[in-house]
Amino acid sequence: MLKLDLNHLARVRGIHLSWGWFRRHHFSHWVAAKFMKGDVKSLRIKEIQNLCMVFRCTPSDLFTWTGSTSAKSYDHPLKALSRDSQAEM
């Protein structure tokens, strides 16, 4: 499963995530609440862009892959998003 992993990225960047942090970075009340609850079923391109701007990262840094072993075969491109196959950013 592809999952938005803001907590990992925040830890690596030394950022303490809070509702106020998202609001200070111009995310709407609803988006900030969605991120804080971890209740992210979908993202708009604009939200991905804004996250990349404030975290100074690329879209692939925002996500992690967990799940089926068939997609984690040694040559599958999603393997690069698996936290167990990455060094810290």
Side-chain angles (χ1 to χ4, degrees):
M1 173 185 346
L2 191 60
K3 180 183 175 205
L4 183 66
D5 195 359
L6 298 180
N7 290 322
H8 172 77
L9 189 56
R11 274 192 311 274
V12 170
R13 300 281 196 266
I15 298 169
H16 174 72
L17 291 180
S18 67
W19 182 84
W21 185 89
F22 286 110
R23 293 295 291 140
R24 280 191 301 280
H25 288 90
H26 309 289
F27 289 94
S28 73
H29 166 80
W30 300 111
V31 171
K34 179 171 69 169
F35 289 157
M36 288 305 299
K37 289 180 185 174
D39 184 27
V40 180
K41 304 271 189 268
S42 64
L43 287 171
R44 290 188 264 157
I45 296 296
K46 180 182 175 182
E47 292 166 343
I48 294 172
Q49 178 181 315
N50 290 345
L51 287 167
C52 288
M53 297 299 287
V54 298
F55 279 112
R56 297 182 55 81
C57 68
T58 64
S60 64
D61 297 328
L62 299 172
F63 300 94
T64 187
W65 174 258
T66 58
S68 74
T69 54
S70 63
K72 285 184 141 182
S73 66
Y74 74 94
D75 63 343
H76 197 285
L78 284 174
K79 185 164 176 58
L81 296 178
S82 176
R83 295 285 177 233
D84 60 358
S85 71
Q86 286 183 337
E88 292 293 313
M89 291 179 254

Problem - Rounded distance [0.5 Å steps], CH2 in W21 versus CD1 in I15 - result: 5.0 Å
Handout entry: Atom NE2 of H26: over 12 foreign heavy atoms under 6.0 Å
Key = no
Problem - Interatomic distance, L43 atom CG to L51 atom CG [nearest 0.5 angstrom] - result: 7.0 Å
Practice task
Specify the closest pair of heavy atoms between C52 and P59, including all atoms of both residues, with the distance to one decimal.
Solution key: SG-N, 3.4 Å
Completion exercise
Closest non-hydrogen atoms of A32 and R23, given as atom of the first, atom of the second and distance, are CB-CD, 4.2 Å
Problem - Enclosure of H16 NE2 (heavy-atom neighbours >12, cutoff 6.0 Å) - result: no
Handout entry: Student check: side-chain heavy atoms of D5 and F63 closer than 4.5 Å
Key = no
Exercise for the section: Carefully, step by step, assess L17 and F35 under the rule side chain to side chain contact (heavy atoms under 4.5 Å, CB included). Expected result: CA-CA 9 Å; L17 291 180; F35 289 157; over 6 Å; no
Practice task
Measure the spacing between CG of L62 and CG of L2 and express it to the nearest 0.5 Å.
Solution key: 10.0 Å
Exercise for the section: Look at the side chain of R44 and the backbone N and O of I48, then say whether any donor-acceptor pair between them is shorter than 3.5 Å. Expected result: no
Fill in the blank from the handout: For R24 and S18 the tightest heavy-atom approach is NH2-OG, 4.5 Å
Practice task
Give a yes or no answer on whether the side chain of R56 reaches the backbone of R13 with a donor-acceptor pair at less than 3.5 Å.
Solution key: no
Completion exercise
In this structure, CZ of R11 is separated from CG of N7 (nearest 0.5 Å) by 6.0 Å
Practice task
Treating Ile, Leu, Val, Met, Phe, Trp and Tyr as nodes and any side-chain heavy-atom pair under 4.5 angstrom as an edge, say whether W19 and L4 lie in one connected cluster.
Solution key: yes
Problem - Gap between atom CG of N50 and atom CZ of F55 - 0.5 Å precision - result: 11.5 Å
Practice task
Flag the pair F22 / V31 as yes when at least one side-chain heavy-atom distance between them is below 4.5 Å, and no otherwise.
Solution key: no
